[in-house]
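Below: one structure, written as structure tokens.
When a ligand or atom number is given, it counts from 1 through the structure's own listing order.
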Amino acid sequence: MNEVILLRYGEIFLKGKNYSFFENSLFKNIKYRLKDINLKLEKISGRFLISDFDILDKQKIIDILKTVFGLVSISIAYEVETSYDNILTVCEKININKKSFKVETKRADKTFPMKSFELSAKIGGVILKNNPTVSVDVHSPEETIYIEVRENGKSYVYYEKIQCLCGMPVGTAGKGMLLLSGGIDSPVAGFLMSKRGLSLNAIHFHSYPYTSEQAKQKVIDLANIIKKYTGNIRLFVVPFTKIQEEIHKKCDDEYMVILVRRFMMDIAERVAIKNNCSALITGENLAQVASQTVESITVTNQMSKLLPIFRPLISFDKIEISKISTDIGAYETSVLPYEDCCSVFLPESPVTHPKLDKIAKNEELLNRECLIEDAISNIEIIDIKN
Ligand code: ATP
Ligand code: MG
């Protein structure tokens with residue numbers, strides 16, 4: 001009798017021609033994440049199976065699997081060579097500390113001589129005899145004992161299903177460029193888009209010395225926190241000081257933030273395209289701040305001419321975002337008090353209904369192409385690796 005881990009993935013991508021693409025991607029992602037632990041990972045029909053691991057590594061393996069997008073749930077199972085007696089030996093040891101239970105059997109191996117319901121009933125009877133204070137409830141039991149008789153000549157018995165993150169395997173939807181600030185929102189936005197299968201690059205705009213080295217380090221730390229879910233991230237740090245100084249010197253104060261954000265989007269798209277990203281991702285959230293009114297979003301949106309901008313948090317409120325941020329372990333870092341470049345030269349009353357003609361007039365005062373090219377050619381690349 002071996003302790004193994006059964007891994008379940010969604011039915012969504014089990015359909016259609018692309019089945020093996022998704023399954024192989026998920027398999028590869030899991031293999032990569034577990035590469036430092038001695039174990040055997042294999043495919044059995046419609047599931048993955050982990051065996052031959054040191055019992056001391058069990059919790060570590062479970063903790064990693066709980067961060068892999070595409071997995072629906074996992075179970076610690078007992079594996080035996082298929083026979084009634086072997087299954088019985090496992091089930092005889094089961095102690096139920098709930099009030100009711102049922103046994104549910106899946107018989108994928110049709111050569112096994114008992115039908116599913118017969119096996120469930122017989123094993124259920126044995127468990128009941130060994131746990132006399134418990135009753136059988138086939139409709140809403142507090143505990144379900146699962147028996148799977150599979151085609152590989154093995155059977156599995158388990159009772160707990162540990163929920164995983166669901167979503168799609170990272171990389172199956174291509175690559176996105178996350179605009180990563182040091183705030184609460186953008187790491188969560190990256191997490192959520194990665195959950196839909198995007199792998200990530202990230203871009204951060206840094207205005208040294210107006211923003212500190214700690215502010216940059218905070219962004220690196222945040223990328224290190226979310227990489228646990230998103231996989232490796234290539235982070236582009238863009239020197240943004242000159243652009244902000246130029247805008248501050250030459251343009252209308254109230255348009256400062258909007259102009260800054262248009263530069264960000266423009267640069268982000270150029271860097272994204274150069275690095276084979278097919279979408280931009282921001283943590284924008286409707287009506288949260290002046291730069292996130294519909295009008296403000298419209299005029300920054302226009303700067304990304306070729307790529308879509310994904311804003312997974314657009315309708316969330318801060319409580320919901322903070323909850324996810326806490327769950328993924330980013331919150332404490334996000335709330336450290338280091339300034340973001342958006343708050344440098346912040347005007348007293350930033351425009352909330354920006355007008356395109358005013359933007360155009362302001363941008364004519366700047367040598368945009370030169371400033372952008374200069375910033376891009378001085379990008380620092382930091383590889384954030386698992
Ligand atoms: P966050 O909590 O993510 O910082 P926020 O509520 O502070 O968001 P803004 O400052 O308006 O909102 O930023 C909106 C979005 O713009 C951010 O979620 C992020 O995607 C992007 N952004 C802001 N500042 C930067 C920066 N310095 N570098 C890269 N992207 C940024
Ligand atoms: Mg911010």
statement: Closest non-hydrogen atoms of Thr67 and Arg33, given as atom of the first, atom of the second and distance, are OG1-NH1, 3.1 Å

query: With a distance cut-off below 6.0 Å to the six-membered ring centre and an angular limit of 45° from the axis, does Lys216 pair with Tyr208 as a cation-pi contact?
result: no

- request: List for me each residue that meets ring-ring contact (aromatic ring centres under 6.0 Å, His included) alongside Tyr255, sequence neighbours excluded, and say none if there are none.
  value: none

- request: Mind checking whether Gln292 contacts ligand 1 via backbone (N, CA, C, O), side chain (CB onward), both or neither, at a 4.0 Å heavy-atom cut-off?
  value: side chain

Run the side-chain donor-acceptor check on residues 48-55: report pairs under 3.5 Å with partners two or more places apart or on a different chain.
unit_1	atom_1	unit_2	atom_2	d
Asp54	OD1	Leu56	N	2.9

Nitrogen or oxygen atoms of Gly182 and ligand 1 under 3.5 Å apart: no

- request: Please confirm whether Thr282 comes within less than 3.5 Å of ligand 1 when only nitrogen or oxygen atoms on both sides are compared.
  value: no

- request: Measure Leu180 to ligand 1 on non-hydrogen atoms and call it side chain, backbone, both or neither using the 4.0 Å cut-off.
  value: backbone

query: Any non-hydrogen atom of Arg261 lying under 4.0 Å from ligand 1?
result: yes

message: Using ring centroids (six-membered ring only for Trp), state whether Tyr159 and Tyr78 fall under 6.0 Å.
response: no

statement: If we number the atoms of ligand 1 from 1 as shown, the ones under 4.0 Å from a heavy atom of Ile184 are 2 (O)

- request: Please work out whether any backbone atom (N, CA, C, O) or any side-chain heavy atom from C-beta onward of Ile203 is under 4.0 Å from ligand 1, and answer side chain, backbone, both or neither.
  value: backbone

